[in-house]
Every structure is written in structure tokens, then in C-alpha cells.
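A note on names: the letters A, B, ... follow the listed sequences, proteins ahead of strands, and every chain is numbered from 1. Since the model is a prediction, treat every value here as computed from it, not as a measurement.
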Amino acid sequence: MSSAAHAPRSWLIGHPDAAINLRVDRRNVLVCALLALCCAALVIASLCAGTLALSLHEVWAALSGEGSPLATAVVTQWRLPRAVTALVLGAALGISGAIFQSLVRNPLGSPDIISFNTGAHTGALVTIILLGGSYVEIAGGAIVGGLATALVVYALAWRRGIHGFRLIVIGIAVSAMLGAFNTWLSITGSLESALTAALWAAGSLNGMTWAKSLPASAFCVLAMAAAMLLARRMQFLEMGDDCAAALGIPAERTRLLLMALGTTLIAASTAAAGPISFIALAAPQIARRLCHNRSTLTGAAGVGAALLLAADFVAQHCFTPRQLPVGVVTVSIGGIYLVYLLIREARRS
Amino acid sequence: MIVTSIAAPAEAAATSSHNNTAETGSCRLQGKDLQLGYAERIISRQLDVHIRDGEFTVIIGPNGCGKSTLLRSLARLIKPTQGQVTLDGKALGQYPAKQLATQLGLLPQTSTAPDGISVADLVSRGRYPHQSLLRQWRREDETAVAEAMAATGISELAHQAVDALSGGQRQRVWVAMALAQQTPILLLDEPTTYLDIAHQIELLELFRSLNQSGRTLVAVLHDLNHASRYATHLIVMQQGRIVAEGPPAEIISPDLIEHVFGLPCLIIDDPVSHTPLVIPRGKPHQAAG
């Protein structure tokens, strides 16, 4: 069965004698093309739907600047930044999850399980309560908190190299402690800051504007591009450090770089929209199943983007007149998925 | 104990053969004044080693003697805490990792095949050091992969999934990956462990033919008789030091084996290969009875 399924699997773009040629996995390209279509459809849907329902034609007119002033404002200033942010942050979360799951070789090794977004949450809370918390301060606090937590977890888990399972266990422990600390912070702060913190902690794309979205989105796009350049090395690391080293890949340095990228991605997305769980956990696993069980960064990015767009669509439109924070939607689905994953892991061992 | 009385001549032999090596054959890969191990536990001190070009060098010694550690340091997997391993006179650490990987290959003791990867895809990964971001697949890559699979007899398995193969076949796939790397020097860390005897011999025969076609091979082996049959050059280690070195027929003696392994034995002529064959006498108290 497997032999037939695996027969022709890569495409060569360019000639073998050419100065430039690329070898791509066929399945991966097909899956990514499909996911891109899926994301495009979701973006269009989220531009059309809402209290002011617009037709495709009206959306197009608004985008090209020929629509009514109201429609143009709704589409380009409210809905588009929100959709673009969902797209970019979803992809960032997917890639971040794929990186960590590959490094620790365990589907539970996602950054939302091993405390990195709890750390970002702590950073944000501290800035909200101590500094009052403008959007930029919260974002900065979240990034610093996420990175600092990653460093602590990494240092605690390091024993002549990083071993996946220890990283997960220590991550969960640190996550629990930070969770307790976060609760304490919210209780001790003023009512006003506690409210700001609670709103932020739900993880929401409500009221997303270009001004809020652009810095985080641009940063995420750059970090994702850097991660893509390391994608091949990451796949090689999965064969074991010795094997990767023998092929000329500096294992420990590559791992550190990947961890730094994965952490900045999750920290940046947490900074922009608050903690959104589940995407980083599930997207890489879904992408794997779509791509013949290969770890794939592009696939994880596509699935992550589609999941977050879909979850945000549900959060906005399925509970009208109420708008739910998208984090509530993802965490509910995520809880179910996590239980399934734990049961499956337990059965396997 | 006998150890002390024997140690002196064995050491003398080692020193003399060392000088020999350094003077006669050329050695691209060398270790000078190596201190190996971790902070708490130093395994080797002031270790000098020369890997002769074109030979099939096998390192033997009892468990914990530092043979794997030595091989791993030659393969740049562990950094000596003192001294350095050099290739063509330049320290390994000074080479860009990828460039070094075109010269120095390694078959690690354990590797994990990615889920569902096909044999051809895994072997292709050996071409990584020869590729770049913008030149991912050239004609040389195609031929190198095909040759590596042919040499290891796995061409027919090309499109099968690696996880579906038997242990012996899987090990040949990993060897093929290392061969596709086309390095003039190939290090093998206990390549025959976990294989049944027929597959062990098959693999060792493959290594011999690779060596005869010009590659420098270095292997850590456990089986003394395999080592003395297939090695063209033997390095015997004990407690982190090289105690004897040379062609198996010249250095394998009952005294050496008893001194290094604590194993009383007879050495007879292998009727097939005419190399030394070690016949253990059994535990000392049984032999006495």
C-alpha cells in the first residue's frame, strides 16, 4: 500500500543542468494550493458577511475604491485588517506549532502547551497592571514575557542537549506556575486593569485596525520567511542530531534558531491578539495528515490560517448579536482535540 | 596482575607503529593530543591518532574504552576538550559544516527515518551537502543516488517506505544515504549492531569492496574476528589509550587480547581468510580445571 502511495513524489522546477532549479514535494504543493484557495474563500466570506451584508460585487467595488463611502470604510478599514490579521497570525501560529512539534518530536510539544503563550500572557498582565498598558506596551510586554519564559524552560530542560519529553513536562510545570501567577496578578490589580487584562486574555480580533495589525503582521511575515529557509534543516534534524551533523547541519545551532523563531512567532501573535490557543497545537497535525505524514511548514501555515479565519468567522457571525472573542472558539474546539490527543498518546504507550 | 608486565611492550609497539604511520602513509584525518570526555569524566588524555588514507581502519577495545568517543570526535560530533582533530591540517571546527560534510561522512549508531519516507527520498538526503538553496537537484545527484542504491543492493526497494523494511534492509538504506554523500572518508559507528550474522557479513563485505574502490573507512566493531578479517589496519584501545596499532596479522596475539580484554585465548589461522582467529578459552577457572 505504502509503496504505491509513495511512488512519484517530487517535481523538479527547472532543468538539472540549469543554474537554478528547485525540487518540491508534489503532495505538499497540491495541498498548499488547495489551502490557499480555502483561505481566499474565507477571506472573501469575511469581507462580505456582517451587519452590513455586502455582495461580492459591492466588496470588489469597495476594494477598488468605487463603492459607497460607508461600504468602503467597512470593508477596507474594519473587515480587511481583521481578515488579514487572522490570515497572518493563523499562519504564524501554525508554523510556530510545527517547529516545536518537530523539535520535540511529539504532537503535544506545541508552544501553547509548553507555556510560551502563558509567559506572553504574564508579560502582558505585568505591563497592564504596572504601566497602565497602551497597545504597544502590552505587545512589548507579551513579547518579552514569551521570550523570557522560553529561555527559562529551555535552560531548565537543557541537559547536554534538549530532549523533547523533558521540555514538554517542564513547559507544562512552568505553565501551571505562570497561570497561578497570572490569576494573582488579576486579583491584585485595580478593577479597571483587571478588566483590560481579562478582555485581552480572551484572545480576540475584535476591533482590529491596520495600525494594530501591521507591525505584528509584518514581523510575523519576516519571521515566517526565515523559518521557511530553515524548513529543510528542520526535517533533517528529525533524523537525529548525529545524522543531521553528518550531513553538515549544525544541530544545536539550528535548533536554537528554530526555537527562537517559533517563540517570536507565538509571542508576536499573542502580542497582537492575545493568547489564541489550539491553532498551534492542531494545525501542524492536520497538515501532516494531509501531506503523507510529513512535517511541513507551508502546510501548517496554510491550515493554521484557514483554521483561524474560520474560527473568527464563527466568533463574529454565529452568535449574533454577540461577538465572541476568537480565543473562546478556538479554546473550545482545542479542548476537545487535546483530550482526544491525550487519549491516543496514552493508548500508544 | 599480568597487566603491568605486558603493558610496557604493548605501549612500545604502539609508539613505534605510530611513528611508522606518521612517516609513511599519508593521513588526511588526524587527532593530536586529544582530551575526550565530559567535565566529570575524562575518557582519553593526550591521545594521538592518524587515520591512514585508503585503509579500512577498525577500532576495537572493551566496553567503555573510549573507542566510540574517539570515532565521534573524528566525526566532529563531540569537541575535544583539549587538542584538535584535523583534516588536511586544518581543524574540523574551522570548516563550514556543509563543506566538511562533502569530505567526511558518518553512519551514526542510531538514526530515525522520518515517518513514511521512501527509500529513494531518504538516500537523496545524503546529497544535501552538495546542494544549495537555488540548486536543489542536479544530474550528479541523480547518478550518485542511483549508484549508492545499486552498491547496497536496494535499487528495487527505491519506492518502498523505509518503515516497512526489515532491519538488515534498513541498515543498507542508511549506508546508501552515507554513500550518496560521496565522501572520500566514511566513519562507521558500530554498523553491524542489531543485525543477524548473515547481514553483518554482507555489510562488512560491502565495506571491504568500498574500501577497495578507494574510500578510507573507519569503523568501531565489537567482534574481534570480524575486525581482524576485514580491517586492513587495526587500532586497539584500552582505558582511553591506544595500546596497539597495525595490520591485524601483525598485532593480534594471545597476550594482547588477554591484556586488553582480560580474555585468555588461542589465536589460530582463519582457514578462509588467513587472518588471525581468536578462540576464547573460556573463564580462567574453567580453563584451569
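Closest approach of A:Gly248 and B:Tyr128 over heavy atoms only: O-CE2, 4.5 Å.
Annotation: the span from B:Arg125 atom CZ to A:Met239 atom CE amounts to 5.0 Å, rounded to 0.5 Å. Of the inter-residue distances, the one linking B:His130 atom NE2 with A:Leu247 atom CG reads 9.5 Å to the nearest 0.5 angstrom. For the atom pair B:Thr112 OG1 and A:Asp242 CG, the distance stands at 10.0 Å (nearest 0.5 Å).
Heavy-atom distances place both the backbone and the side chain of A:Leu22 under 4.5 Å from chain B. Heavy atoms of B:Arg127 lying under 4.5 Å from chain A are absent altogether. Looking at A:Arg105, there are no atoms closer than 4.5 Å to chain B (heavy atoms on both sides), in backbone or side chain. Contact of A:Arg253 with chain B is not made at all, since no heavy-atom distance falls under 4.5 Å. For B:Gln131, the part lying near chain A is the side chain, with the backbone staying farther off; criterion is any non-hydrogen pair under 4.5 Å. For B:Asp121, the part lying near chain A is the side chain, with the backbone staying farther off; criterion is any non-hydrogen pair under 4.5 Å.
Of the listed residues (B:Glu140, B:Met177, B:Gln99), the one with the most heavy-atom contacts under 4.5 Å to chain A is B:Met177.
Between A:Glu238 and B:Asp115 there is no side-chain heavy-atom pair separated by less than 4.5 Å.
Salt-bridge annotation for B:Asp141 and A:Arg23: absent, with no side-chain N of the basic residue lying under 4.0 Å from a carboxylate O of the acidic one.
Residues of residues 100-109 of chain B having a heavy atom under 4.5 Å from any heavy atom of chain A, listed by number: B:Ala101, B:Leu104, B:Leu106, B:Pro108.
A 6.0 Å sphere centred on NZ of B:Lys90 holds more than 12 heavy atoms belonging to other residues, nucleotides or ligands.
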